[in-house]
2 protein chains.
Amino acid sequence: MKTTSRRLDATFAALADPTRRAILARLASGAATVSELTEPFDMTQPAISKHLKVLERAGLISRDRDAQRRPSRLEPRRLAEASAWLDQYREFWEASFARLDTVLEELKPRNTRRAKPARR
Amino acid sequence: MKTTSRRLDATFAALADPTRRAILARLASGAATVSELTEPFDMTQPAISKHLKVLERAGLISRDRDAQRRPSRLEPRRLAEASAWLDQYREFWEASFARLDTVLEELKPRNTRRAKPARR
């Protein structure tokens with residue numbers, strides 16, 4: 001069984017590609033076959049199949065072994081695991097955004113809180 | 001300026017490595033120099049520097065240009081962006097975990113809600 005760290009390696013590597021992220025987005029609206037997945041992309045079916053293999057090895061999708069058309073399905077557990085990893089840093093980005101808000105507030109000219117001056 | 005998609009490519013690729021994830025975890029407790037970052041790893045300083053370059057190019061850390069020791073600092077914005085991308089799939093994993101809970105509940109033998117039988 002893969003360790004969490006190895007699973008995260010595979011998940012993040014699989015997500016580091018725009019076509020693979022787009023395939024996941026398509027599968028979020030339901031299972032799809034290779035040819036259905038190939039259609040919206042300017043890519044060959046073998047190229048899409050290669051991306052599907054990467055996604056499958058990473059556990060981000062599953063494919064029906066028996067059905068002839070082998071539809072791909074989104075498997076959200078690895079995404080949940082990656083999200084939980086990122087969540088450790090949530091307090092950092094929230095603090096960083098809060099600091100930015102403070103700076104922006106301080107930079108704001110005093111009069112922006114007043115009503116707009118009447119047009120001439 | 002990089003598009004969101006290109007930034008996500010760089011972020012996820014940078015996160016697909018256990019040493020780089022460990023460096024980010026270390027920087028979460030404060031800025032650190034290359035030699036401070038090298039210490040806990042069984043790696044050479046040039047190897048760590050290489051990882052820092054990947055993290056810096058992805059915008060996950062910043063490095064002080066002027067200070068002689070060039071400490072690295074965690075930059076949480078790209079992590080926030082990656083987290084927001086993953087969040088699109090939250091409803092999927094929550095539904096998937098809820099289904100699993102239901103299945104586990106159904107598999108539970110009826111008597112698990114009763115008190116343990118007395119030891120013989």
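A note on names: the letters A, B, ... follow the listed sequences, proteins ahead of strands, and every chain is numbered from 1.
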Practice problem: Write down the atom of Ile48(B), the atom of Phe41(B), and the distance for their closest heavy-atom approach. | Solution: CD1-CD1, 3.8 Å
Quiz item: Of all heavy-atom pairs between Tyr89(A) and Arg21(B), which one has the smallest distance, and what is that distance?
Solution: OH-O, 4.1 Å
Exercise. Under 4.5 Å, counting heavy-atom pairs only, tell me which of Ala13(B), Ser96(B), Ala10(B) racks up the most with chain A.
Key: Ser96(B)
Self-check item: Residue selection (most heavy-atom pairs with chain A, distance under 4.5 Å) from Thr11(B), Leu86(B), Asp9(B)
Solution: Asp9(B)
Self-check item: Proximity of residues 69-83 of chain B to chain A, residues having a non-hydrogen atom under 4.5 angstrom
Solution: Leu74(B), Pro76(B), Arg77(B), Leu79(B), Ala80(B), Ala82(B), Ser83(B)
Quiz item: Do any of residues 23-36 of chain B come closer than 4.5 Å to chain A, heavy atom to heavy atom, and if so which ones, in number order?
Solution: Leu24(B), Ala25(B), Ala28(B)
Could you tell me the separation between the [atom1] atom of [X] and the [atom2] atom of [Y], rounded to the nearest 0.5 Å?
X	Y	atom1	atom2	answer
Leu55(B)	Arg63(B)	CG	CZ	10.0 Å
Trp93(A)	Asp87(A)	CH2	CG	5.5 Å
Lys53(B)	Ile61(B)	NZ	CD1	11.0 Å

Exercise. Dump the intermediate steps for side-chain contact (heavy atoms from CB on, under 4.5 Å) on Glu105(A) and Lys108(A), then the final yes or no.
Key: CA-CA 5 Å; Glu105(A) 193 58 38; Lys108(A) 230 183 230 177; 3.4 Å; yes
Taking [atom1] in [X] as the centre, count heavy atoms belonging to other residues, nucleotides or ligands within less than 6.0 Å. Is the count above 12?
X	atom1	answer
Arg90(A)	CZ	yes
Gln45(B)	CD	yes
Asp101(A)	CG	yes
Gln88(A)	CD	yes

Practice problem: Please flag which part of Arg20(B) lies under 4.5 Å from any non-hydrogen atom of chain A: side chain, backbone, both or neither. | Solution: neither
Quiz item: What do the steps show when you test Val54(A) against Leu60(A) for side-chain contact (heavy atoms from CB on, under 4.5 Å), and what is the final call?
Solution: CA-CA 9 Å; Val54(A) 176; Leu60(A) 288 162; over 6 Å; no
